[in-house]
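Below is one structure; the comments refer to it alone.
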There are 4 protein chains.
Amino acid sequence: MTENAPRPAAPARRPGGRTARTRAQVHDAVVAQLMEHGYDELTVDAVAARAGVHRTTVYRRWRDVGGLLADVLDAAGDDTWGPRDTGSLEGDLAALNDEVQAALTAEPPITLALIAASFRSDEAAQALKRFWGKRYTLCEEVVDRAVRRGELPAGTDARALLVAATAPMYHQLVFLRAVPDPGLPGQAARTAALAAAAGAFTAAR
Amino acid sequence: MTENAPRPAAPARRPGGRTARTRAQVHDAVVAQLMEHGYDELTVDAVAARAGVHRTTVYRRWRDVGGLLADVLDAAGDDTWGPRDTGSLEGDLAALNDEVQAALTAEPPITLALIAASFRSDEAAQALKRFWGKRYTLCEEVVDRAVRRGELPAGTDARALLVAATAPMYHQLVFLRAVPDPGLPGQAARTAALAAAAGAFTAAR
Amino acid sequence: MTENAPRPAAPARRPGGRTARTRAQVHDAVVAQLMEHGYDELTVDAVAARAGVHRTTVYRRWRDVGGLLADVLDAAGDDTWGPRDTGSLEGDLAALNDEVQAALTAEPPITLALIAASFRSDEAAQALKRFWGKRYTLCEEVVDRAVRRGELPAGTDARALLVAATAPMYHQLVFLRAVPDPGLPGQAARTAALAAAAGAFTAAR
Amino acid sequence: MTENAPRPAAPARRPGGRTARTRAQVHDAVVAQLMEHGYDELTVDAVAARAGVHRTTVYRRWRDVGGLLADVLDAAGDDTWGPRDTGSLEGDLAALNDEVQAALTAEPPITLALIAASFRSDEAAQALKRFWGKRYTLCEEVVDRAVRRGELPAGTDARALLVAATAPMYHQLVFLRAVPDPGLPGQAARTAALAAAAGAFTAAR
DNA sequence: AGGTAACCGAGACGGTACGTCACGTCTTCAC
DNA sequence: GTGAAGACGTGACGTACCGTCTCGGTTACCT
């Protein structure tokens, strides 16, 4: 979800011609606008102005705010993220949850803004779904490792386990708007690991 | 979250004078509009027209769409809802989850509309937070019963347990936009109950 | 078609409230814009800016450029114009034609602009038709006088005579874009008077 | 003003190469568009699409809509039209007026569309002036014949006579938007002939 | 026959204007 | 004098055409 790595150098002229340059400018503008003002002020006009591009150009290529977000989200999914390996299932899950908590409480709240956005644009919602689908698939590695280590029975439903571990984070921070609890990531990880070890995510289904 | 109980009869004249009548008309209009067209078309103009009240009146009393929603949500929290008693912790949790799944997949998706709304209006967000706070507090009864039955150790963190049980529902249906899985309510309930019985929600913290 | 009589005094606050004031401002702006830049630059945006009024206000009240023009034309028809009395039919017609020639060759060419406008907006076309209808009706006085003087037989078709007298002016100056010919008004008047005296506009039909 | 004469055969390759073929395609498209949708929808884009030619090509060769019209009008002037000979001045003029009335009331109103166009594009206006200049010059034959027949004195101003005869047609149908009057062509012809016979178009000037 | 200059297709872009919608404020007028 | 009705300012939306530009690929014509 991080994006704005300080672009390699040449901010004014990127390879690939005007079209590619325009796209990059708009991308950056979307992210910047989102970070500074949140989703509510993410208007096409503002993005266009910020990108130094004409309104109509944005409409032509991205159609609406949803299109802009989808583009950004898809680009965000193209990174090289992967789950850390701490040596134990609970540790891995806790590490994941720490990342989630960090993302959700970051300032400016870009992740929250994207979530909010997904409720207003079907296109953005689809993109977010794709993004999370990718992430959860990458995370299945965590479960595989645990199985290999013998911590979990084979046949464990990786996705269900991951959801059980991470869902409370989102629930508390996004739905319930609770103040961040530093113990929560660990607690949720422990709960899920414990249930998993007891076979809660096996077979049944 | 249910609302439209078949109003006692007299739709035209309620006790409390014009002010109260106006408020009720607007209330009804908000809910009706929300159900028919979703949040995106919940505009002050539409509500006012539907309620047969002048735009200005709505602005005066509710200020904006957020105010309208907050009012409706607070009213929705004034009902007599309570968790069912099935005789076992897992059963109680599963019953809760069934209700949640039903609410989230109902057509028209009024619950989803309210959640979406909460991302666009602080006032609605606060109201939703109040609403959920009330609900979770009522649900703590479920945990108390389990403790009394000896299913759970005393000192179990009721709120954490409830969140663990219900969060996966919201996560799958709202965040991940997954298709509803009829087995999920039961599975999530079982997982949480299992972890709770193992003491995952005790002491620690 | 004359308009910009130096408004009585108070340009800032007219009787009749904001609405009337707005209307007057827009009126003036339309005429000014038409005179300065012609019909092609008579855009809603420009008029609104010039009138110190917001775009949407203009759209609300006048719908489009045609509505603006119609309004102005109708206002222009409310003046106290009347044909001069020179003592003879030919003289009256020549005086009329002189006025026409003057209007069509005036600088800035506001009359031409209005004619041009009538080709682009049905509403303006209707207004122009109304305006000319009024004028021609007023001009029938000229024929009545000639009949009373015994210059013309009773039963002369006033409208046909007037058209025959004035049409060549418009044809030359508007359709054929000929350079103005100082003799034309008189010549056209003489031709029509001559034909009329010979009974060309009586009975027959 | 003629249009889709069944082109000689070879639709794929005309003499003169692609350039000439392109020009013909565009020509036809302009006329077709004008007839179907009138001037207001005569856009470069529509013409290009209709002609199966790229927008850019049209801009390169014709610059704008005015250029397209000028081209078409000039082509329309290259036909073999000539006034009919009915044997009398009044008859000739009436025949002319009948043609005018027919053209102005034809459906689709292509002539009116061209007139309207001339008010919006200087280039089209010049072309229309050329077109009418040609026509009126051809019509002077009518006057010559009348002189030869002894109906008119020599030295009659042919152009002025013709204008006097035809102008009322345009005035009624184009300016005043009156409903077509079947008697008008004859009446206008008679009036002009009468005045001419009385010497209204001689010498003076 | 081959090379070159003119022409064309393709598509993005900046730009102006359109007409609409909803918001929230402010003014007027009638009660 | 107050409050409902309605006009207004404001900002954004999404669209249509305009006219320009840059490519790259044909085509026509001329040597």
Side chain of A:H54: nearest nucleotide among E:dG24, E:dA10, E:dG15? E:dG15

Taking only the side-chain nitrogens and oxygens of [X], find out if one of them lies under 4.0 Å from OP1 or OP2 of [N].
| X | N | value |
| --- | --- | --- |
| A:Y59 | F:dT15 | no |
| A:T22 | E:dC13 | yes |
| C:R18 | F:dG9 | no |

Answer yes or no: is there an ion pair linking B:D71 with B:R23, defined by an N-O contact shorter than 4.0 Å? yes

Using atom [atom1] of [X] as one end and atom [atom2] of [N] as the other, report the distance to the nearest whole Å.
| X | N | atom1 | atom2 | answer |
| --- | --- | --- | --- | --- |
| D:R63 | F:dC17 | CZ | C1' | 15 Å |
| A:R23 | E:dC13 | CZ | P | 12 Å |
| C:R21 | F:dC8 | CZ | C1' | 11 Å |
| B:L68 | E:dC23 | CG | P | 10 Å |
| D:Q33 | F:dC17 | CD | P | 10 Å |
| C:H37 | E:dT16 | NE2 | C1' | 15 Å |

Has [X] got a side-chain atom pairing as donor or acceptor with [Y]'s backbone, closer than 3.5 angstrom?
| X | Y | result |
| --- | --- | --- |
| B:Q33 | B:G38 | no |
| C:T22 | C:R18 | yes |
| B:R177 | B:V174 | yes |

Using only modelled atom types and a 3.5 angstrom limit, is any donor from either the side chain of C:T56 or the base of E:dG19 paired with an acceptor on the other? no

Check: A:T57 side chain, E:dG14 base, donor-acceptor under 3.5 Å: no

Using a 4.0 Å heavy-atom cut-off, does D:R55 contact any base of the nucleic acid, only the sugar-phosphate backbone, or nothing at all? base

Quick one: label C:R60 by what it contacts on the DNA or RNA (base, sugar-phosphate, nothing), any heavy atom closer than 4.0 Å. base

When rounded to the nearest 0.5 Å, the distance separating CD of D:Q25 from CZ of D:R21 is 6.5 Å

Heavy atom of residues 39-48 of chain B under 4.0 Å from DNA chain F: which residues? none

5'-most contact on DNA chain F: C:W62 or A:V65, nearest heavy atom basis? C:W62

Is the shortest side-chain heavy-atom distance between D:V58 and D:D45 below 4.5 Å? no

For residues 115-123 of chain D, tabulate all N or O donor-acceptor pairs below 3.5 Å that involve a side-chain atom, not counting sequence neighbours.
{"residue": "D:S118", "atom": "OG", "partner": "D:I115", "partner atom": "O", "Å": "2.6"}
{"residue": "D:R120", "atom": "NH1", "partner": "D:D40", "partner atom": "OD1", "Å": "2.8"}
{"residue": "D:S121", "atom": "OG", "partner": "D:E123", "partner atom": "N", "Å": "3.3"}
{"residue": "D:S121", "atom": "OG", "partner": "D:A124", "partner atom": "N", "Å": "3.1"}

